[in-house]
Amino acid sequence: MGNAVSEVEFGWFIPTTGDGKYIGVEPERESSADYMIQVAQTAEEAGFTFALIPTGGSCLDAWIVGSIVASHTKTLKPLVAMRPGLIAPVLAARMAATLDVLSGGRALINVVTGGSPSDLSAAGDPLAGDHDERYVRTREFLHIVRSVWTRSNDGGEKFLAGGGYKYGDSEKVEFSGKYYRLEGGAALPLPVQKPYPPLYFGGSSEAGKRTAVETSDVYLMWAEPLAWIREQIREVEEIRAEVKASTGKERELRYGLRAQVVVRETEEEAWKDAWEIISKVDDSAIEWSSHRFKETDATNQQRQNSLRESSRANGYVIGPNLWAGISIVRGGGAMTFVGSAEQVADRLLEFTAIGISSFILSGYPNLEEARITGDLLLPVFKRKLAERGAAVDLAFSGHGEKIEA
Ligand code: FMN
């Protein structure tokens, strides 16, 4: 892990709070079922294999959007947000397994512990103000979810360890933790994918990283300069080694990066269109966003905030072809790869060289940008990945570690 990868998956994004060419203003398009289906079908045709569906106070419900997306596509896998704390674990397990069954084994799950105290309080989460405790609950939640999916009492670890457990045993799940208690636990249907749908996970705090290592399959990060991501992967790998030493069990973990993208025929065109996205942002939008950014207790949002502030004087450039401009009003994965297809493909290859094997991209608006990114970027990236394989040479990448934490 942490080394160059040769198999890479690309995901796109389903906008569930409206969409448009500009941010910081009312979205020009609403997230109607027709529009989201169009985005999903376009992403599928354009070569993306999965699509992230977000969750949050202003988003349409991710499960319902996920089922609509799955029923109007053939191969695209919906990556649906699952929120410990806002839903009971057995019900969440049933919903995910139902989506997996009805989509023919295409469900992917994104575990969202939550990082905005006001968003969490508004949804009635009693741990809205307690960051690390939320991860204690997430760990228990995922233990139960994995246990009822695998009908074992060990969160599916026997499956993951590759031995001993025979599928079909009708073990009941017994669990007594700080946040959940389950007696004779079971859930139907069982997922189609075995042992269960892949669990994606975001959270860059120490507690988030530890929880990811212990429970999940793909560790997600919002895009940051290459050196920052390399450091995060190193920290996660350190925890993985510790967990292995203390439990004797090694869990596989892949790494994923979430970013915005503006790819054009020329770099000049790409930068022009990138700046156009924030051209309607006014002072009130900036003020409202900076209030939201301050109230977060999410480590990864704080990292995004610090990248934005430290790059302000430099036109928000935070690395080669990497731009923080959108983060002046957008929280979450706002960092943007900007450039020609050749350039952006080279940048992504550099991330694959340090262990990233999953990219989740989006653009403004998502419908047109899915097509453009699929046409321009994906073929170039795939050709270059095949040509270079693991031999991406970082010495020539121009990553001068320009920005310090
Ligand atoms: N948080 C949400 O509230 N809704 C989301 O849809 C959501 N999607 C995420 C997608 C990715 C790729 C990542 C990296 C994070 C996402 N998050 C989302 C936030 C995380 O789930 C997590 O709650 C937050 O980052 C706090 O973690 P930290 O303090 O450990 O960094």
Side-chain angles (χ1 to χ4, degrees), residues 9-17 31 50-63 65-66 78-87 108-123 125 127-139 141-142 198-224 228-229 232-233 235-236 239 253-260 292-293 295-307 327 330-335 351 356-362:
E9 62 173 9
F10 278 91
W12 194 249
F13 179 74
I14 307 296
T16 64
T17 58
S31 290
F50 68 103
L52 178 69
I53 304 170
T55 179
S58 48
C59 299
L60 293 173
D61 180 74
W63 292 101
V65 173
L79 173 52
V80 177
M82 181 188 263
R83 301 190 78 165
L86 301 187
I87 185 168
L108 304 177
I109 304 302
N110 186 28
V111 180
V112 170
T113 301
S116 158
S118 65
D119 189 40
L120 290 163
S121 326
D125 187 338
L127 297 180
D130 200 339
H131 178 279
D132 284 5
E133 206 53 30
R134 291 201 294 272
Y135 281 113
V136 174
R137 184 181 59 193
T138 293
R139 222 173 276 155
F141 177 97
L142 290 177
L199 295 173
Y200 290 62
F201 189 107
S204 293
S205 57
E206 153 82 19
K209 290 188 164 95
R210 199 160 282 280
T211 309
V213 163
E214 290 173 5
T215 61
S216 300
D217 304 303
V218 186
Y219 181 71
L220 296 176
M221 292 162 283
W222 288 325
E224 295 175 350
W228 288 39
I229 295 293
Q232 289 213 63
I233 293 177
E235 286 168 14
V236 175
I239 297 171
L253 194 61
R254 292 192 283 128
Y255 290 94
L257 201 70
R258 164 89 179 98
Q260 305 292 324
R292 274 192 314 135
F293 298 150
E295 72 100 28
T296 183
D297 68 6
T299 303
N300 50 10
Q301 183 60 52
Q302 286 156 0
R303 295 169 70 97
Q304 302 270 297
N305 294 348
S306 103
L307 284 169
S327 75
R330 190 197 196 284
M335 301 308 162
F351 282 90
I356 299 292
S357 63
S358 184
F359 292 101
I360 308 176
L361 305 176
S362 56

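All heavy atoms count here, side chains included; hydrogens, waters and symmetry mates do not. Atoms within each ligand, like the ligands themselves, are counted from 1 in listed order.
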Starting from the N and O atoms of ligand 1, find every protein N or O within less than 3.5 Å and list the pair with its distance.
unit_1	atom_1	unit_2	atom_2	d
ligand 1	4 (N)	T55	O	2.8
ligand 1	6 (O)	T55	N	2.9
ligand 1	6 (O)	T55	O	3.4
ligand 1	23 (O)	G114	N	2.6
ligand 1	23 (O)	G114	O	3.2
ligand 1	25 (O)	N300	OD1	2.8
ligand 1	25 (O)	N300	ND2	2.6
ligand 1	27 (O)	Y135	OH	2.8
ligand 1	29 (O)	H131	NE2	2.6
ligand 1	29 (O)	T299	N	2.8
ligand 1	30 (O)	Y135	OH	2.7
ligand 1	30 (O)	S204	N	3.2
ligand 1	30 (O)	S205	N	3.0
ligand 1	30 (O)	S205	OG	2.5
ligand 1	31 (O)	S204	N	2.8
ligand 1	31 (O)	T299	N	3.3
ligand 1	31 (O)	N300	N	3.0
ligand 1	31 (O)	N300	OD1	3.2

Checking side-chain polar atoms at under 3.5 Å, does E295 have a donor or acceptor matched by the opposite partner on S118?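 Side-chain D/A pair, E295 to S118: present.
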Does a side chain donor of either Q232 or S204 reach within less than 3.5 Å of an acceptor in the other side chain?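 The answer is yes; a qualifying pair exists.
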Ring centers of Y219, F201 separated by less than 6.0 Å: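 Between F201 and Y219, which both carry aromatic rings, the centre distance is not below 6.0 Å.
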Taking R210 first and then D132, would you say they form a salt bridge - that is, a charged N and a carboxylate O separated by under 4.0 Å?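 No, no charged N to carboxylate O under 4.0 Å.
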Before accepting this row, confirm whether a basic side-chain N of the pair D125/R137 lies closer than 4.0 Å to the acidic partner's carboxylate O.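 Salt bridge: yes.
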How are the rings of Y200 and F50 set to each other: parallel, tilted or perpendicular (split at 30° and 60°)?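 Judged by the thresholds at 30° and 60°, the geometry between Y200 and F50 is tilted.
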